[in-house]
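Take a look at the structure below.
Quick note on labels: first sequence line is chain A, next is B, and so on, each numbered from 1.
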Amino acid sequence: MRLTRVGAFAVIALVAFSACSSTPQGGGGNTIKIGTELPMSGAETANGEPTANGVKLAIKQSNAKKEITGYTLDINVQDDAVNGAHDPQQGATNMHTLVADTSVAGVVGPFNSSVAQSEIPISNAGGLLQCSPANTNTGLTYPPDALQYRPNNPTKINYIRLAAPDSIQGPAGADYVFNDLKAKTVYILDDTETFGVGVGDSFAAQFKKDGGTITKRDSAPKSTTDYTPLFTAAAAAKPDAVYLAGTTPTGMGLALKQARTVAGFETIPFMGPDGVADLGPGGTTGATITVAGAAAHDVHGTVAGIHDLPSGSTFVADYTAEFGKAPGAYSAIAYACAQVIIAGIKSAVAAGKTDPAALREAVRANSVAAGNKFDTVIGPVSFDKNGDITTPYMSFYKTDLTANGGKGGWVYVKQQAFTDPNAS
Amino acid sequence: MRTDRTRALRTVAIVAGLLVVSFVILGVQQFQNFLTLGAIYALVALGYTMVYGIIELINFAHGDVFMVGAFVSMWIMTVPLGLADRPINDPIQLTVVLLAVVIGTMVVMGLIGVIIERFAYRPLRHAPRLAPLITAIGVSFILQNIIQAIFSSSPIAVPQIFPRVKLDLLGGSIGVLNIFMVLVALLLMVALQLFVGRTRLGRAMRATAQDREAAELMGVDINQTIAITFFIAAALAGSAGVIQGLYFGSIQFNLGFFAGLFAFTAAVLGGIGNTTGAAVGGFIIAFIAVLAAQLGYSRWSEVAIFTVLILVLVFRPSGLLGQALGERA
């Protein structure tokens with residue numbers, strides 16, 4: 001009898017306690033979350049995991065400094081990889097989940113442009129800010145294409161990115177092939193996806209402008225298993241180099257591996273965007289080298305972000321201490337995205353905008369407000385009227401099969417600053 | 001006897017005609033790609049057609065059996081044989097290794113095929129036709145998920161043990177690996193024809209296909225015959241898996257889906273239930289795929305393949321080499 005009464009009291013106390021702590025206006029111990037929406041499994045692990053770790057580190061360090069008075073930051077991790085490759089449908093589902101979680105104030109991600117296309121309309125309707133560290137498709141931010149992703153609130157920019165768009169990545173690759181690799185004729189293969197076709201188009205336009213020739217352009221969907229007939233047909237024109245416009249999970253690694261067995265493609269250089277230069281932490285192997293093996297020699301690639309962090313940065317040391325390995329190509333950029341969101345949360349909380357809807361709107365408006373500059377791990381950044389970074393960077397890498405104890409890896413070649421064509 | 005000979009002659013004439021036409025259209029280099037790809041599709045299509053012939057089941061798990069075969073061959077190469085990702089240049093050593101891999105994979109896959117039949121299809125043999133079909137789709141998911149659980153969802157590299165030596169033949173440069181693949185496929189197809197046509201077990205298979213009850217009354221062990229059919233079908237898919245890994249170099253747990261769909265199309269194209277038809281169908285599918293790539297329309301190759309399938313189903317429902325319904329295998 002007595003035991004039952006004690007039990008009942010305990011239950012009541014527990015209910016009362018949990019009811020108290022779930023009230024957002026309560027005292028200390030309240031949580032505001034930053035979402036991550038990245039591909040975290042399969043061949044994409046090397047893309048998503050180090051990127052999400054960048055966000056985790058930013059949250060941990062911000063909490064340690066108690067940047068947001070009265071609130072603790074937390075993370076809501078979503079994975080958009082299905083069967084080992086990013087999936088726009090899964091991305092849309094994840095974005096609904098993040099919009100429904102009222103404690104999420106902003107999202108870092110997605111990683112892939114095709115996923116962004118299906119997500120932005122959902123986050124736009126929910127008034128939720130997305131900051132992508134890696135999306136490069138030009139139309140995601142540039143009007144008029146970008147307007148179709150904001151049917152609900154066309155004037156509210158809720159999608160910003162720190163990666164340089166393909167209108168910079170494609171041409172940067174073209175200049176590199178023409179000037180640095182000294183190739184005058186190029187064969188282009190794309191994977192039929194949003195990203196691949198876009199970057200292939202902008203590569204081709206710039207390469208022709210440089211004075212080069214595109215010998216042939218093919219498109220092969222990711223269900224393709226046999227690329228040899230494509231390369232056999234392309235060999236007739238004897239190209240000096242190949243541009244693989246796509247990503248390794250959508251077939252470019254396999255295409256590279258098979259191309260090396262076709263006469264005319266055994267030794268020539270291959271170039272690809274960041275979907276091919278999928279360097280893992282510290283320039284390690286990545287899926288392209290894993291899939292292509294010995295065929296991955298003489299492969300060059302661009303990464304749409306900065307390589308050298310501002311001098312005096314402790315980011316690499318902090319990251320390595322936290323996760324036991326070197327950061328990935330997009331870790332620091334994701335950290336910077338989280339910093340932009342945290343800065344927005346900080347000013348919103350200081351202004352008393354802690355209601356979920358008001359908080360989201362304040363974070364969104366703060367990131368794209370004209371004249372706002374954010375001091376981040378990759379240097380000071382700001383966004384133009386479309387949501388693009390005003391100081392885009394491009395880094396160049398090439399494969400070295402003797403690196404990492406013979407497992408192969410990517411070595412840094414150079415980085416280049418560009419001017420934002422839309423800077424106002 | 002005479003109709004048999006006419007049929008055989010007609011088949012040979014069709015095959016020879018197709019080969020000459022495709023050689024002229026594609027040129028020597030793409031002709032080589034076409035034969036290699038066709039060999040893989042044909043080997044997988046044979047399994048579809050044999051299983052359909054004997055128990056009228058479209059075994060939708062067959063594409064995944066092929067995928068498992070590719071993983072088993074990769075496992076045999078890397079774990080028991082401990083091979084590295086480099087060519088074996090000693091011809092004797094290479095022959096021994098290839099024999100071990102091909103035979104090992106075929107035996108393992110044959111046993112897996114028998115197990116699938118015993119536990120997934122035999123209990124449903126007298127159930128409505130839809131039940132085993134749905135079960136087959138279930139088996140397909142089970143196989144994919146087992147492989148994904150063991151080997152992850154990333155693409156896995158297969159050791160490239162076959163030296164990429166090329167010979168100058170017919171005015172082009174032909175890979176020895178390609179010749180090896182096509183020869184293995186042809187050898188297995190001829191062996192299958194002889195087995196079905198000339199042996200006691202083959203006769204039991206044909207009898208079971210024609211009339212299961214009558215065959216049983218004549219003393220044919222139905223369960224054993226069907227199990228053998230599944231063994232052979234899965235072993236052939238396993239051999240296709242070996243050459244898939246050797247040639248393409250990278251395998252993934254979901255590669256069976258499209259391969260299975262193409263092979264099924266090939267089997268229907270040739271006349272499902274007809275083994276020669278399945279082989280011819282496999283080469284036709286490969287021809288379309290390679291031609292599309294040659295002409296620069298590779299993104300349309302799937303559309304073209306399935307359009308051909310629909311046209312055949314509309315105008316010649318029993319397939320190119322199919323008989324009037326009622327006679328199978």
Side-chain angles (χ1 to χ4, degrees), chain A residues 39 41-46 81-85 189-192 197 216-236 248-264 266 285-296 406 408, chain B residues 26-34 36-37 40-41 70 84-87 144-145 148 152-160 162 164 166 172-173 175 177-178 244 247-255 257-259 261-262 286-287 289-303:
Chain A
S41 48
E44 307 253 22
T45 314
V82 176
N83 292 341
L189 176 67
D190 75 56
D191 62 0
T192 72
V197 173
K216 193 161 189 262
R217 167 90 182 257
D218 277 318
S219 300
K222 68 174 169 189
S223 59
T224 311
T225 51
D226 188 4
Y227 290 88
T228 39
L230 287 168
F231 283 98
T232 306
T248 283
T250 55
M252 291 302 131
L254 194 54
L256 165 65
K257 179 162 202 166
Q258 293 176 14
R260 292 290 188 209
T261 68
V262 176
E266 289 106 333
T285 320
T288 304
I289 296 176
T290 310
V291 169
Chain B
L26 294 175
V28 58
Q29 225 51 48
Q30 294 285 31
F31 184 71
Q32 154 194 294
N33 295 331
F34 145 66
T36 327
L37 189 60
I40 295 179
Y41 287 153
D85 186 17
R86 75 174 79 88
Q144 284 193 25
N145 284 308
Q148 192 180 358
S152 93
S153 54
S154 310
I156 309 282
V158 180
Q160 296 299 284
F162 208 103
R164 295 288 179 152
K166 289 181 176 168
S173 113
L177 174 59
N178 301 63
Q244 168 91 14
Y247 185 57
F248 296 130
S250 159
I251 54 179
Q252 204 171 358
F253 77 99
N254 58 0
L255 82 92
F257 178 72
F258 269 98
L261 218 50
F262 288 149
F287 176 73
V290 172
L291 186 65
Q294 167 72 18
L295 298 179
Y297 293 103
S298 51
R299 66 160 69 196
W300 295 103
S301 70
E302 283 157 25
V303 177

Original post:
What residue, out of Ala295(A), Ala220(A), Ser223(A), Ala294(A), has the most heavy-atom pairs lying under 4.5 Å from chain B?
Top reply: Ser223(A)
Original post:
Taking side chain as C-beta onward, heavy atoms only, is Thr225(A) less than 4.5 Å from Gln244(B)?
Top reply: yes
Side chain, backbone, both or neither: which part of [X] has an atom under 4.5 Å from a heavy atom of chain A?
X         : result
Phe258(B) : side chain
Ser152(B) : neither
Phe253(B) : side chain

Original post:
By a 4.5 Å heavy-atom criterion (distance strictly below it), what part of Leu254(A) contacts chain B: side chain, backbone, both, or neither?
Top reply: side chain
Rounded to the nearest 0.5 Å, what separates atom [atom1] in [X] from atom [atom2] in [Y]?
X         : Y         : atom1 : atom2 : result
Leu189(A) : Ser298(B) : CG    : OG    : 7.0 Å
Leu177(B) : Thr261(A) : CG    : OG1   : 9.0 Å
Leu295(B) : Asp218(A) : CG    : CG    : 10.5 Å
Thr228(A) : Asn178(B) : OG1   : CG    : 8.0 Å

Subject >> Pick from Gln160(B), Arg299(B), Gln148(B), Gln144(B) with the largest number of heavy-atom pairs that fall under 4.5 Å of chain A >> reply: Arg299(B)
Original post:
Under a 4.5 Å heavy-atom cutoff, which of Tyr247(B), Phe34(B), Phe257(B) has the most pairs with chain A?
Top reply: Tyr247(B)
Subject >> CZ (Arg86(B)) with more than 12 external heavy atoms under 6.0 Å >> reply: no
Original post:
Distance-only, no hydrogens or angles: does the Lys257(A) side chain make a donor-acceptor pair with backbone N or O of Gly249(B) under 3.5 Å?
Top reply: yes
**OP:** Could you pull out the closest heavy-atom pair between Pro229(A) and Ala293(B), with the gap in Å?
**Re:** CB-CB, 3.7 Å
Original post:
Taking atom types as modelled and ignoring hydrogens, do the side chains of Thr232(A) and Asn33(B) form a donor-acceptor contact shorter than 3.5 angstrom?
Top reply: yes
